[in-house]
Amino acid sequence: MAKIPERVQELTVGQLAQRSGAAVSALHFYEAKGLITSRRTPGNQRRYTRDTLRRVAFVRAAQRVGIPLATIRDALAELPEGRTPTRADWAGLSELWRAELDARIGQLTRLRDHLTDCIGCGCLSLDTCVLSNPDDVFGERRSGSSLGPSGPAAAQPRRHGAQSR
């Protein structure tokens with residue numbers, strides 16, 4: 001990988017892609033989503049400040065742990081423009097996501113623990129299965145997999161070829 005001289009304060013999209021490991025198309029996508037910014041040269045070429053390297057690294061790391069792009073964008077909006085964010089800047093942002101990540105870890109742990117039970121019993125009941133029907137609010141009111149009308153007419157089996165009204 002070619003080292004970019006310190007006197008170069010702006011990077012082309014190709015240089016940014018090479019240094020960050022992100023595809024050029026990903027960088028264009030990040031820019032379209034407001035995660036990074038560039039300026040345009042008189043020839044309409046993108047130029048990125050050197051601090052964009054850290055922003056791209058932050059976006060990619062946040063994506064790997066499942067943080068939504070909108071949340072990443074909001075976090076990056078809190079960072080200062082015109083200077084490379086400090087360790088304290090990054091620490092503050094990551095602390096905001098700690099509770100969300102802990103909640104996800106808890107959900108995944110419960111999923112893992114229930115997965116063996118459900119596959120083992122084979123029920124996958126829409127009434128009681130925590131995997132196929134998590135946080136069921138309708139099941140408290142009535143059972144079954146349908147939210148359609150209830151009552152004697154609804155309980156009648158449909159004959160093959162019968163037209164619905």
Side-chain angles (χ1 to χ4, degrees), residues 1-119 124-126 129-141 145-148 164:
M1 177 183 320
K3 183 168 166 81
I4 299 170
E6 279 296 318
R7 65 180 169 12
V8 175
Q9 294 303 310
E10 291 185 317
L11 308 173
T12 66
V13 70
Q15 289 171 322
L16 183 60
Q18 182 182 19
R19 290 287 307 277
S20 69
V24 169
S25 59
L27 296 173
H28 290 170
F29 177 76
Y30 292 163
E31 189 170 354
K33 295 296 182 184
L35 300 166
I36 61 175
T37 58
S38 68
R39 74 168 184 87
R40 297 294 183 132
T41 66
N44 203 32
Q45 296 173 334
R46 290 177 168 93
R47 293 294 185 265
Y48 298 92
T49 57
R50 290 179 72 87
D51 67 297
T52 306
L53 279 169
R54 290 216 181 169
R55 289 175 185 266
V56 171
F58 180 75
V59 169
R60 296 184 73 197
Q63 282 185 298
R64 276 194 294 276
V65 297
I67 304 296
L69 286 178
T71 304
I72 297 169
R73 183 185 58 240
D74 293 345
L76 288 171
E78 299 296 317
L79 292 177
E81 290 290 331
R83 74 168 170 82
T84 301
T86 64
R87 182 185 277 300
D89 292 329
W90 296 124
L93 288 178
S94 64
E95 186 60 35
L96 294 174
W97 296 337
R98 189 173 205 57
E100 183 179 339
L101 291 173
D102 287 342
R104 285 190 192 167
I105 290 168
Q107 288 172 332
L108 287 171
T109 301
R110 285 188 301 281
L111 175 64
R112 180 202 60 210
D113 294 346
H114 290 294
L115 185 63
T116 302
D117 294 340
C118 284
I119 290 174
L124 295 179
S125 164
L126 290 177
C129 184
V130 295
L131 291 180
S132 62
N133 197 15
D135 305 319
D136 180 21
V137 293
F138 292 108
E140 294 171 7
R141 289 186 249 160
S145 61
S146 173
L147 295 178
S164 61

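All values reported here derive from a predicted model rather than from experimental measurement. Position 1 is the first residue of the sequence, and the numbers go up from there.
From T52, atom OG1 reaches atom CG of L35 across 11.5 Å, with rounding to the nearest 0.5 Å. Rounding to the nearest 0.5 Å places CD1 of I36 at 10.0 Å from CG of L76. We find the CG-OG1 distance between L27 and T12 to be 10.0 Å, quoted to the nearest 0.5 Å. Atom OG1 of T41 and atom CZ of R47 lie 5.5 Å apart (nearest 0.5 Å). To the nearest 0.5 Å, the span separating CD1 on I72 from OH on Y30 amounts to 7.5 Å. The structure places CG of D74 at 8.0 Å from CD of E78, a figure rounded to the nearest 0.5 Å.
The two residues L53 and S20 have their closest heavy-atom pair at CD2-N, 3.9 Å. The minimum heavy-atom distance between A17 and A23, with the atom names listed, is CB-C, 4.4 Å. A pairwise comparison of heavy atoms in N44 and R40 identifies O-NH1, 3.0 Å as the closest pair.
Of the possible donor and acceptor atoms, one in the side chain of R110 sits under 3.5 Å from a partner among the backbone N and O of G106. Between the side chain of R39 and the main chain of E10, no donor-acceptor pair closer than 3.5 Å is present.
Here side-chain hydrogen bond (donor to acceptor under 3.5 Å, both in side chains) pairs that include residues 95-108, with residues two or more places apart or in two chains, are E100-R104.
Side-chain contact check for Q63 versus V59: some heavy-atom pair is nearer than 4.5 Å.
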Checklist entry - Does the side-chain contact (heavy atoms from CB on, under 4.5 Å) test come out yes or no for T37 and T49, once each step is laid out? => result CA-CA 9 Å; T37 58; T49 57; over 6 Å; no
Next on the checklist: Go through it in stages, so that I can follow the logic: the residues are V24 and H28, the test is side-chain contact (heavy atoms from CB on, under 4.5 Å), and I'd like the CA-CA distance, side-chain angles, deciding distance and then a yes or no.
Outcome noted: CA-CA 6 Å; V24 169; H28 290 170; 3.6 Å; yes
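Side-chain contact, Y48 with E31: a donor N or O sits under 3.5 Å from an acceptor N or O.
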